[in-house]
Amino acid sequence: MSSVALSKAEPVAGTVPGTGRGPARPRRVALVPTLTLLLGALYCLLPVAWVVIASTKSGNELFSTFTFWPGTGLTENLADLNAYRDGVYWKWMGNSALYAGVGALLSTCVSAVSGYALAVYRFRGRETLFNVLLAGVLMPPVILAVPQYLLLARADLTDSYLSVLLPQILSPYGVYLARIYAAASVPPDVVEAGRMDGAGEWRIFTRVALPMMLPGLVTVFLFQFVAIWNNFLLPYIMLSDDEKFPITLGLHTLLEQGANTPALYTLVITGAFLAVFPLVALFLVIQRFWNLDLLSGAVKS
């Protein structure tokens with residue numbers, strides 16, 4: 001009996017004791033996906049690193065020193081940029097903030113109402129209307145820019161702030177995201193419960209559905225803000241007064257003048273470097289809403 005018990009207790013050679021399985025193998029690192037992500041990150045961050053380093057160089061250092069070697073002219077570049085045409089750069093920055101902030105806010109409101117209506121209500125032609133809106137995502141901006149210019153020219157709104165704001169209000173991609181998020185986050189039972197309690201449709205939307213849709217709407221706002229901030233084609237077609245230019249179009253005019261005045265190249269690079277900060281700050285501020293939503297979901301579950 002003792003020999004039988006010992007033979008049962010002894011593990012089989014080449015197995016992990018107590019499991020009967022083979023020896024534990026070290027986990028292999030997925031090299032191909034990791035290298036692909038690293039290359040993608042390098043591809044995206046390398047131009048940003050170049051702008052950061054180039055903004056520290058003076059005009060002479062920009063063309064005579066190693067590309068990724070810091071310079072000594074950052075303060076001088078900032079002073080020249082601030083003094084150029086009595087600080088027109090900050091006027092361009094303010095215009096971009098106006099176009100992107102107001103345009104993204106209005107676009108988010110329109111997307112929220114449209115997405116909620118398409119997700120909650122059942123009416124004839126709903127899918128057809130949604131497919132038509134979704135087809136706008138596939139349209140290149142250059143195709144829509146010229147008809148938009150002709151329409152606003154007929155209304156005598158070109159070369160105005162509204163000529164840049166109005167075309168940005170309706171975002172097909174924002175409506176799509178709002179509908180998907182509303183369908184996933186707003187249960188039909190909650191809407192029916194609000195109706196049974198006597199609440200109107202607008203009250204249900206603003207008091208019940210809108211807080212549930214907030215994380216998705218924050219994403220819509222961020223995407224639309226970045227898209228308007230980086231937009232170049234629409235202001236280029238609509239505007240002729242450089243006092244109304246956004247930062248993208250203003251830096252483009254500086255770059256064109258730099259062909260005859262190379263000293264302006266440092267202003268363009270320094271201006272591009274400063275233009276990144278509002279986007280980074282916005283992302284850091286908005287990120288807390290995503291974190292709060294995840295934490296609140298964990299507490300509720």
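Position 1 is the first residue of the sequence; numbering continues from there.
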Query raised in the report: Is the backbone of T158 close enough, under 3.5 Å, to the side chain of S163 for a donor and an acceptor to pair up by distance?
Result: no
Query raised in the report: Side chain of D241, backbone of E243: donor and acceptor closer than 3.5 Å?
Result: yes
Query raised in the report: Are L46 and F68 close enough that some pair of their side-chain heavy atoms sits under 4.5 Å apart?
Result: yes
Report task. Would you confirm whether R85, through its side chain, and A83, through its main-chain N or O, come within 3.5 Å as a donor-acceptor pair? Result -> no
Query - Heavy-atom donor-acceptor pair, T270 side chain to L267 backbone, under 3.5 Å - result: no
Report task. Verify the cluster assignment for L138 and I180: are they in a single hydrophobic cluster under the rule of side-chain heavy atoms below 4.5 Å apart? Result -> no
Report summary line: Between V208 and P211 the two heavy atoms that sit nearest each other are O-CD, 3.5 Å
Query - Over all atoms of both residues, closest heavy-atom pair of V268 and L254 - result: CG2-CB, 3.5 Å
Query raised in the report: Is any side-chain heavy atom of L279 closer than 4.5 Å to a side-chain heavy atom of N230?
Result: yes
Query raised in the report: Between OH of Y116 and OH of Y181, what distance do you get to the nearest 0.5 Å?
Result: 15.5 Å
Report task. Run the salt-bridge test on K91 and D86 with the 4.0 Å N-O cut-off and return the result as yes or no. Result -> no
**Report entry** Crowding at CZ, F130 (>12 non-hydrogen neighbours, <6.0 Å)
**Finding:** yes
Query - Under 3.5 Å donor-acceptor, S55 side chain and V52 backbone - result: yes
Report task. Taking only Lys NZ, Arg NE, NH1 and NH2, and the carboxylate oxygens of Asp or Glu, determine whether E127 and R179 approach each other closer than 4.0 Å. Result -> yes
Query raised in the report: Between N231 and P235, is any pair of side-chain heavy atoms under 4.5 Å apart?
Result: yes
**Report entry** Side-chain donor/acceptor of S96 to backbone N/O of P246, under 3.5 Å
**Finding:** no
Query raised in the report: Would T266 and K57 count as having a side-chain donor-acceptor pair, cut-off 3.5 Å?
Result: no
Report summary line: With Y99 as partner, the option from F232, Y161, F245 fulfilling ring pair (Phe, Tyr, Trp, His ring centres under 6.0 Å) is Y161
**Report entry** Audit row: L152, L162, side chain to side chain contact (heavy atoms under 4.5 Å, CB included) steps and yes/no
**Finding:** CA-CA 9 Å; L152 293 173; L162 289 177; over 6 Å; no
Report summary line: When every non-hydrogen atom of P47 is compared with those of Y43, the smallest separation belongs to CD-O, 3.2 Å
**Report entry** Residues, nucleotides or ligands: over 12 heavy atoms within 6.0 Å of Y176 OH
**Finding:** no
Report summary line: So OG1 of T248 and CH2 of W229: to nearest 0.5 Å the spacing works out to 9.5 Å
Query raised in the report: Which atom names give the shortest non-hydrogen contact between A183 and A119, and what distance separates them?
Result: N-CB, 3.8 Å
Report summary line: In terms of heavy-atom contacts, W50 and I269 come closest through CH2-CD1, 3.8 Å
Query raised in the report: Taking atom OH of Y121 as the centre, does the number of heavy atoms from other residues, nucleotides or ligands within less than 6.0 Å exceed 12?
Result: yes
Query - Distance-only donor-acceptor check, side chains N82 and W90, under 3.5 Å - result: yes
Report task. Could you label the plane-to-plane angle of the W202 and F205 rings as parallel, tilted or perpendicular, counting under 30° as parallel and over 60° as perpendicular? Result -> tilted
Query raised in the report: For the atom pair CG (D159) and CD1 (I237), what is the distance rounded to the nearest 0.5 Å?
Result: 13.5 Å
Requested in this report: Report the relative orientation of the aromatic rings in F221 and F225; use parallel for angles under 30°, tilted for 30 to 60°, perpendicular for over 60°.
Outcome: tilted
**Report entry** No-hydrogen, no-angle side-chain donor-acceptor test under 3.5 Å, T72 and E61
**Finding:** yes
**Report entry** N/O donor-acceptor pair under 3.5 Å between S160 side chain and L157 backbone
**Finding:** yes
Query raised in the report: Under 6.0 Å from the CG atom of D156, do we count more than 12 heavy atoms belonging to anything else shown?
Result: no
Report task. Run the numbers on V110 and L106 for side chain to side chain contact (heavy atoms under 4.5 Å, CB included), then give the verdict. Result -> CA-CA 6 Å; V110 173; L106 294 177; 5.5 Å; no
Query raised in the report: Taking atom OH of Y84 and atom CG of L264, what is their separation to the nearest 0.5 Å?
Result: 5.5 Å
Query raised in the report: Taking the side chain as C-beta and beyond, is there a heavy-atom pair between I169 and L165 under 4.5 Å?
Result: no
Query raised in the report: To the nearest 0.5 Å, how far apart are CG in L42 and CG in L35?
Result: 12.0 Å
Requested in this report: Using the six-membered ring wherever Trp is involved, compare the ring planes of H252 and Y236 and label them parallel, tilted or perpendicular (cut-offs 30° and 60°).
Outcome: perpendicular
Report task. Measure the spacing between CE of M213 and OG of S185 and express it to the nearest 0.5 Å. Result -> 6.0 Å
Query raised in the report: Counting heavy atoms not belonging to R203, are there more than 12 under 6.0 Å from its CZ?
Result: no
Query - L210 vs L217 side-chain heavy atoms within contact, under 4.5 Å - result: yes
Query raised in the report: Would I247 and N95 count as a side chain to side chain contact (heavy atoms under 4.5 Å, CB included) if you check the C-alpha gap in whole Å, the side-chain angles of each, and the deciding distance to 0.1 Å?
Result: CA-CA 7 Å; I247 191 65; N95 292 337; over 6 Å; no
Query - Pair V51-V48, side chain to side chain contact (heavy atoms under 4.5 Å, CB included): steps then yes or no - result: CA-CA 5 Å; V51 170; V48 178; 5.8 Å; no
Report task. Looking only at non-hydrogen atoms, find the nearest pair between I228 and G103 and report the distance. Result -> CD1-C, 3.7 Å
**Report entry** CZ/R207: more than 12 non-hydrogen atoms of other groups inside 6.0 Å
**Finding:** no
